[in-house]
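Residue numbers begin at 1 in each chain, while the letters A, B, ... track the order of the sequences.
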Amino acid sequence: MYEFFVPFITDALKSAGIETGKPVHIEQPSDRKFGDFSTNIALLSAKECRRNPRELAAEVIRHLKFPPGTVSKIDVAGPGFINFFLSPLFIMTSVEQILARGDQFGKGTAGKGLTAVVEYVSANPTGPLTIGRGRGGVLGDCIANLLETQGYRVTREYYYNDAGKQMTILAESVRYRYLELCGHDTVFPATHYQGAYIRDIAEVLFMEHSTVLADTEGLEVFKEAAETVIFNSIRVTLERLGIRHDSFFNEHTLYLKESERASPNQRVIDALVSKGFIGFYDGATWFLTTKLGQEKDKVLIKSTGEPSYRLPDIAYHITKFDRKFDRMINVFGADHIDEYPDVLEALKILGYDTGRIEIAINQFVTTTVDGQTLKMSTRKGNADLLDDLIDDVGADATRLFFIMRGKDSHLNFDVELAKKQTKDNPVFYLQYAHARICSLLRMALQETGFNHEHVVDYKALRRLESPSEIQLGFSLLEYPHWARTSLRLLEPQKMVEYLHSLAEHYHRFYQECPILKADREISEARLLLSLATRQVLRNGFRVLGISAPESM
RNA sequence: GCGCCCGUAGCUCAAUGGAUAGAGCAUCAGCCUUCUAAGCUGAGGGUUACUGGUUCGAGUCCAGUCGGGCGUACCA
């Protein structure tokens with residue numbers, strides 16, 4: 001809808017002889033009494049043209065030529081806005097397109113022929129997923145969905161590490177619990193994983209092997225058991241939320257030689273050496289970020305010989321360039337905020353186009369239960385588990401609550417609210433609109449024989465003209481705009497808000513306009529409008545990954 | 001100390017640099033013999049933390065101050 005106006009305004013500017021370098025911008029007025037759309041082009045160009053903005057606006061209007069039956073009124077208002085009013089008939093004929101396109105309505109072509117990789121969750125297998133991880137997981141999943149609606153070919157990737165220090169601590173933790181079960185006198189270190197799941201893993205080992213493992217030197221058997229159990233639990237939890245990945249990228253592969261070539265990690269070091277950004281001191285290998293104005297250099301290879309996380313991170317991103325992704329989107333929590341600038345700097349030095357990398361950082365989650373907030377740490381084992389939350393409020397509420405606030409805002413997850421079955425709870429408010437429409441359609445089939453599946457001609461919609469009908473129709477047409485905006489900002493929250501306002505318009509329409517009880521022709525038209533609403537709700541729910549219940 | 005994020009109604013949050021800063025909750029007042037009241041309508045409630053700046057116009061951009069969160073590892 002937005003782009004509908006642009007060419008006509010551009011033409012009008014041209015034929016009025018107005019030269020402006022400013023782009024034509026279409027927006028929605030704050031108040032509908034100002035119209036359906038407006039443009040500020042006269043305000044923007046006024047200075048350049050040395051003319052009064054209102055005069056300029058009037059001039060533009062004189063040259064505007066819209067196709068008949070589309071725009072019913074054009075106004076100059078306020079300091080120089082040009083306001084457009086769409087004709088009700090135009091709105092309703094446009095709604096017909098929604099029914100014609102069905103689940104394709106709202107799809108765009110901006111990403112046609114392009115590929116994107118979205119990296120999200122990426123938790124190492126050291127413990128069950130916590131609520132905080134869930135937010136990033138849902139955010140990433142929705143971003144991937146949004147990319148797909150615009151035609152991108154999307155790879156959903158999970159980057160993990162099953163080696164290194166944390167995994168060693170994990171294996172030791174299991175071993176301590178196992179030794180306890182064997183009756184050994186051990187003290188469980190405070191530095192290790194305290195969670196109950198460690199005990200569960202140890203118990204399984206004890207049942208299978210009795211005390212035999214107590215004498216084994218290596219940690220391998222403990223590590224493997226822990227990794228298998230924990231990874232499975234992570235995948236099960238993700239699956240419950242409808243989060244899936246196409247690709248699991250194991251950091252470990254970056255440490256391995258590739259036939260005749262050095263390992264990807266080593267190649268990063270070599271390349272940075274040749275650019276003069278590597279130093280060796282204190283027994284470690286350093287990325288000389290002080291050369292870039294930073295306070296300290298950063299360790300790439302520790303004095304133990306092991307790479308720190310930064311090195312494989314750089315190498316990992318190079319694989320994304322090697323795999324020729326057009327867009328690379330990383331989703332992670334605020335605790336990783338210090339991680340990416342160094343990676344980007346290194347990639348820039350090595351000549352990669354870091355403009356293709358986008359970072360979506362989500363702030364932390366606190367849960368509120370009776371005003372109590374919980375502080376989380378996987379290590380201490382007192383974290384709120386994502387699984388428990390899903391048990392408590394269900395997958396749909398979990399998903400929606402994670403994305404119904406801007407990702408930059410701290411999220412206050414009100415568990416009580418998420419469980420409520422009233423309109424206070426946005427999940428129910430949205431789903432109820434959908435269920436209500438399904439119920440109507442069922443009843444229509446029963447009582448009047450109206451079968452929406454057999455309708456091929458949507459012209460009946462053109463009979464509608466009452467304010468709540470027009471408002472609803474208009475709202476439906478906004479869906480593609482919000483799909484694009486949500487993606488542009490990497491912010492599914494925009495979609496949530498749009499759907500909420502759509503549901504609101506539907507409920508109002510429902511309240512004001514009898515549907516089954518109206519005259520047959522009007523009734524049919526209103527059923528079609530309801531059907532279009534259901535379609536848009538479904539398309540939106542699909543992006544957000546929540547279910548569309550047929551009855552509630 | 002330094003870096004990133006946040007500060008908007010009593011509470012939880014919106015507002016691509018635009019017009020009178022909006023929703024929901026809570027409070028108060030209405031709407032069911034009528035398609036799902038799991039809903040709708042209305043009222044009150046604000047110095048957008050503070051001080052300057054940029055411009056036709058600032059909650060939004062810039063600088064500074066105050067307050068909160070997260071980082072600031074040879075953990076990831």
task = Please assess E550(A) against R538(A) for the test salt bridge (Lys or Arg N to Asp or Glu O under 4.0 Å), listing each intermediate value before the final yes or no.
result = CA-CA 11 Å; E550(A) 308 247 321; R538(A) 279 188 181 175; 3.1 Å; yes

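- If K33(A) and E27(A) are placed on RNA chain B by their nearest nucleotide, the residue sitting closer to the 5' end is E27(A).
- Here H410(A) and F364(A) keep their ring centres 6.0 angstrom or further from each other.
- Nucleotide rC6(B) carries an anti base; the chi torsion (O4'-C1'-N9-C4 or O4'-C1'-N1-C2) is more than 90° from 0.
- Using a 5.5 Å limit on the distance between ring centres and a 30° limit on the angle between planes, the aromatic ring of F34(A) counts as stacked on the six-membered base ring of rA19(B).
- Within the nucleic acid shown, P29(A) comes within 4.0 Å of at least one base atom, counting heavy atoms only.
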Between the protein and nucleotides 4-11 of chain B, which nitrogen or oxygen pairs are less than 3.5 angstrom apart?
from: rC5(B); atom 1: O2'; to: Q363(A); atom 2: NE2; distance (Å): 3.4
from: rC5(B); atom 1: O2'; to: D408(A); atom 2: O; distance (Å): 2.7

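- Under the 6.0 Å cut-off for aromatic ring centres, F37(A) and F84(A) do not qualify, their centroids lying 6.0 Å or more apart.
- In this structure, S38(A) and N161(A) both approach RNA chain B, and ranking their closest nucleotides by distance from the 5' end singles out S38(A).
- The strand RNA chain B forms stems, runs of 3 or more Watson-Crick or G-U wobble pairs with distances below 3.5 Å, at B:1-7 with B:66-72, B:10-13 with B:22-25, B:27-31 with B:39-43, B:49-53 with B:61-65.
- The base of rG18(B) lies close enough to the side chain of N40(A) for a donor and an acceptor atom to sit less than 3.5 Å apart.
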request  = Verify side-chain contact (heavy atoms from CB on, under 4.5 Å) between R405(A) and Q363(A), making sure each step is shown before the conclusion.
outcome  = CA-CA 10 Å; R405(A) 302 293 177 229; Q363(A) 294 297 319; over 6 Å; no

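- If you check distances only, the side chain of N83(A) does reach the base of rA19(B) with a donor-acceptor pair under 3.5 Å.
- Heavy atoms of S551(A) sit under 4.0 angstrom from at least one base atom.
- In this pair, F81(A) lays its aromatic ring flat on the base of rA19(B), centres within 5.5 Å and planes under 30 degrees apart.
- Within the nucleic acid shown, L44(A) comes within 4.0 Å of at least one base atom, counting heavy atoms only.
- Across all strands shown, G80(A) has no heavy atoms under 4.0 Å from either base or sugar-phosphate atoms.
- Taking the six-membered ring wherever Trp is involved, the centroid distance between the rings of W286(A) and F280(A) does not fall below 6.0 Å.
- Residues H505(A) and F474(A) keep their aromatic ring centres 6.0 Å or farther apart.
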Identify the pairs formed between an N or O of the protein and an N or O of nucleotides 25-31 of chain B at a distance under 3.5 Å, and give each distance.
from: rC25(B); atom 1: OP1; to: K423(A); atom 2: NZ; distance (Å): 3.4

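- With respect to H245(A), the ring pair (Phe, Tyr, Trp, His ring centres under 6.0 Å) criterion is satisfied by exactly one of Y158(A), Y159(A), F231(A): Y158(A).
- You won't find any donor-acceptor pair under 3.5 Å spanning the side chain of S308(A) and the base of rA76(B), going by distance alone.
- The residue D282(A) sits close to a base: some heavy atom pair falls under 4.0 Å.
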